[in-house]
Amino acid sequence: MTILWADDEIDLLKPHIMFLNAKGYEVVTACSGADALAMAAERPFDLIILDENMPGISGLETLARIKQSLPQIPVIMITKSEEENIMDQAVGSKIADYLIKPVNPSQILLSIKKTLHSGDLVNNRATDDYRREWPELTAAINSASSIDHWKELYRRLVYRQTELSDAGSTNMDEMLAMQIAEADREFSKFVVRNYGEWVERVMADPADTSVPLLSPTVMRRKVFPILDRGEKLFFVLIDNFRLDQWTTVRPLLSRFFTVDDDDLYCSILPTATQYARNAIFSGLMPSAIARMFPDLWVDEEADESKNINESPLVATLFDRYRRNVKFSYHKLNDSAGADRLLRDLPSLAANDLNIVVINFIDMLSHARTESKMIRELASTDAAYRSLTESWFRHSATLDLLAAIAARGYRVVITTDHGTVRVDNPVKVVGDRNTNTNLRYKLGKHLTYNPRQVYEVKQPERFGLPSTGVATTYIFATSRDFFAYPNNYNYYVQYYDGTFQHGGISMEEMLVPVITLSAKQ
């Protein structure tokens with residue numbers, strides 16, 4: 001690699017240059033900013049090192065001209081001055097690094113490696129770290145026996161997934177994808193063995209903290225304690241929000257909030273808005289909602305939206321626990337809605353609790369299935385995370401959360417369920433009244449292979465509404481999705497690789513619930 005080093009005392013730097021030559025770098029020297037600009041215009045360089053204090057054209061002016069004409073070349077600035085103003089100007093010009101004289105050859109080499117080779121170094125480190133951890137992760141997959149084990153394992157897998165993704169192309173991506181798929185298969189078996197008991201216990205005693213945190217107990221265990229301390233709270237539910245997406249947007253919120261509690265809870269089945277979100281807001285399993293508040297429960301076959309009664313369900317929750325909580329409810333489907341809520345923020349100050357439901361990621365998930373363009377943009381989990389980060393960074397949602405932090409609110413961010421990328425079709429036959437979800441089905445006349453699904457023939461025992469005597473629910477596990485025999489090949493091809501929810505997987509069921517405090 002070729003480096004241009006401009007310094008009016010370049011003769012004094014010969015030991016540094018010889019050191020870099022010995023490390024394999026070709027160093028071309030210049031004695032002034034004007035010479036550096038002329039040389040950079042004549043031949044390509046991989047890196048430019050600039051002294052800040054040079055006669056004639058200063059280092060900062062040289063930097064500005066380089067950034068204007070050759071913005072792709074990274075620049076390291078070296079200076080004798082420790083003035084903050086000079087540092088601010090240099091950093092503001094997007095330099096690669098800033099060093100203060102005197103510098104030794106090792107400092108220069110470290111800065112060059114960080115600038116030119118960080119991608120390769122990060123790639124190699126991420127690959128080596130995952131290669132070393134692979135046996136541990138495999139052992140953890142085979143031995144996980146509690147929900148806490150699975151939470152910790154899922155966090156480790158997502159961390160490795162994002163590390164390899166951030167490192168760029170590695171030869172470990174495919175191996176990790178296979179390991180996550182294996183973890184999903186084992187997690188599905190774990191849920192099948194334990195889910196019925198969890199639901200029975202939470203229906204018998206919602207206060208039992210030995211039961212895994214499930215959708216109906218999120219408000220009781222995460223929201224009530226904050227309200228009991230007299231703190232003002234925003235409860236922000238981002239539909240279809242996965243753990244890997246949270247890790248992607250978390251740095252954007254670090255400017256405004258500190259994380260007090262970064263937890264995962266287990267979404268109920270079906271991992272779909274109608275069931276899981278209504279369970280959160282009511283504090284009840286779906287069967288109890290349908291029985292106690294039939295006017296607020298919307299059946300599968302109904303034409304209207306399945307989540308139109310969320311605010312009344314929140315009211316029933318507080319009434320049932322005899323809590324006098326003044327709250328508001330807002331559903332945001334676009335940036336205009338977030339802008340309106342941002343303008344109305346002062347009027348919400350009198351409330352104890354403000355609930356905000358954000359639907360963008362759910363809309364993105366559905367658009368990815370239906371739109372060829374969105375499918376291309378989010379062709380992988382990494383691309384899906386990137387789209388989420390881009391939306392969050394540039395959306396009014398981030399502005400809204402920043403404004404909430406400025407007012408000193410506590411915030412709980414969570415979701416109703418996640419989503420999983422499916423790739424294995426399972427044949428199911430149903431009548432015309434069978435619901436259309438690809439990850440769960442319910443009906444009276446379903447035909448399927450029971451060894452390929454999680455079968456629930458007693459819906460009430462699992463907290464699910466029954467539409468008749470013979471109602472059966474079936475759930476897809478791991479990466480499976482349901483397909484009808486009619487036009488089978490067409491629909492398999494259409495839905496293969498899409499993000500779906502409703503069934504059993506770590507991505508759908510183990511979802512974030514985070515408590516944030518505003519930075520002062």
Side-chain angles (χ1 to χ4, degrees), residues 1-129 163-171 251 386:
M1 288 190 167
T2 307
I3 298 170
L4 172 61
W5 194 335
D7 193 306
D8 61 326
E9 297 177 335
I10 198 69
D11 289 340
L12 301 178
L13 299 171
K14 284 184 179 178
H16 298 65
I17 294 169
M18 291 174 62
F19 177 78
L20 294 179
N21 287 338
K23 294 294 181 180
Y25 298 99
E26 179 188 355
V27 181
V28 178
T29 61
C31 296
S32 67
D35 288 344
L37 290 171
M39 290 180 180
E42 290 177 358
R43 60 175 292 187
F45 290 98
D46 298 295
L47 172 69
I48 297 175
I49 301 176
L50 286 179
D51 179 34
E52 186 275 324
N53 187 21
M54 291 186 290
I57 302 175
S58 71
L60 285 174
E61 187 177 350
T62 305
L63 172 64
R65 295 191 187 183
I66 290 172
K67 285 298 179 183
Q68 187 173 28
S69 59
L70 300 166
Q72 77 281 4
I73 302 179
V75 177
I76 297 172
M77 178 75 76
I78 301 178
T79 180
K80 292 179 182 178
S81 174
E82 295 187 32
E83 291 183 24
E84 186 176 356
N85 177 55
I86 292 176
M87 294 182 189
D88 289 346
Q89 290 184 61
V91 173
S93 298
K94 299 181 181 179
I95 59 169
D97 205 355
Y98 188 93
L99 303 177
I100 296 181
K101 292 182 177 180
V103 292
N104 61 51
S106 294
Q107 283 179 286
I108 295 290
L109 179 63
L110 177 61
S111 183
I112 291 172
K113 282 194 171 187
K114 184 170 66 174
T115 303
L116 294 181
H117 308 294
S118 62
D120 291 337
L121 294 173
V122 168
N123 185 312
N124 293 338
R125 180 60 183 267
T127 300
D128 291 344
D129 285 351
E163 284 289 291
L164 289 177
S165 173
D166 291 344
S169 178
T170 75
N171 56 3
S386 179

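Keep in mind the model is a prediction, meaning the values are calculated, not measured. Residue numbers count from 1 along this sequence.
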(message) Quick check for you: to the nearest 0.5 Å, what is the distance between I66 atom CD1 and L50 atom CG?
(response) 4.5 Å
(request) Starting at CG of N53, measure out to CD1 of I78 and round the result to the nearest 0.5 Å. (result) 13.0 Å
(message) Treating T127 as the side-chain partner and N123 as the backbone partner, does any N or O pair qualify as donor plus acceptor under 3.5 Å?
(response) yes
(message) Apply side chain to side chain contact (heavy atoms under 4.5 Å, CB included) to residues V28 and R43 and explain how you reach the verdict.
(response) CA-CA 11 Å; V28 178; R43 60 175 292 187; 3.6 Å; yes
(message) To the nearest 0.5 Å, what is the distance between CG on L109 and OH on Y25?
(response) 6.0 Å
(message) Go through it in stages, so that I can follow the logic: the residues are W5 and L20, the test is side chain to side chain contact (heavy atoms under 4.5 Å, CB included), and I'd like the CA-CA distance, side-chain angles, deciding distance and then a yes or no.
(response) CA-CA 11 Å; W5 194 335; L20 294 179; 4.0 Å; yes
(message) Using 0.5 Å steps for rounding, measure from the CD1 atom of I3 to the CG atom of N21.
(response) 9.0 Å
(request) Report the distance from atom NE2 of H117 to atom CG of N124, rounding to the nearest 0.5 Å. (result) 12.0 Å
(message) Rounded at 0.5 Å granularity, tell me how far OG in S111 sits from CE in M77.
(response) 12.0 Å
(message) Show the nearest heavy-atom pair for residues A36 and L4, with the distance to one decimal.
(response) O-CD2, 3.5 Å
(request) Would you please name every residue forming a salt bridge (Lys or Arg N to Asp or Glu O under 4.0 Å) with D128, sequence neighbours left out? (result) R131
(message) By the definition side chain to side chain contact (heavy atoms under 4.5 Å, CB included), identify the one residue from L63, D35, L37 that meets it with I57.
(response) L37
(message) Ignoring hydrogens, what is the shortest heavy-atom contact between Q107 and N104? Give both atom names and the distance.
(response) N-OD1, 2.8 Å
(message) Restricting to non-hydrogen atoms, name the atom on I10 and the atom on A30 that form the minimum distance, rounded to 0.1 Å.
(response) CB-O, 4.4 Å
(message) How close do S106 and F19 get, counting heavy atoms only, and between which atoms?
(response) N-CE2, 4.3 Å
(message) Could you check whether any side-chain N or O of D46 sits under 3.5 Å from a backbone N or O of T2, counting only pairs where one atom can act as donor and the other as acceptor?
(response) yes
(request) Check M1 against L116 and note the closest heavy-atom contact, atom names and distance. (result) SD-CD1, 3.6 Å
(message) Restricting to non-hydrogen atoms, name the atom on L47 and the atom on V75 that form the minimum distance, rounded to 0.1 Å.
(response) CD1-N, 4.3 Å
(message) A quick test of your reading: do over 12 heavy atoms of other residues, nucleotides or ligands sit less than 6.0 Å from CE of M18?
(response) no
(message) Can you list everything that forms a salt bridge (Lys or Arg N to Asp or Glu O under 4.0 Å) with K114? Sequence neighbours excluded, please.
(response) D97
(message) Does any part of the side chain of D7, heavy atoms only, come nearer than 4.5 Å to the side chain of K101, both counted from C-beta?
(response) yes
(request) Decide side chain to side chain contact (heavy atoms under 4.5 Å, CB included) for I76 and I108; before the verdict, give the C-alpha distance in whole Å, the side-chain angles of both, and the deciding distance to 0.1 Å. (result) CA-CA 9 Å; I76 297 172; I108 295 290; 5.9 Å; no
(message) Using only atom types and a distance under 3.5 Å, with no angle test, would you say the side chain of E42 pairs donor to acceptor with the backbone of M39?
(response) no
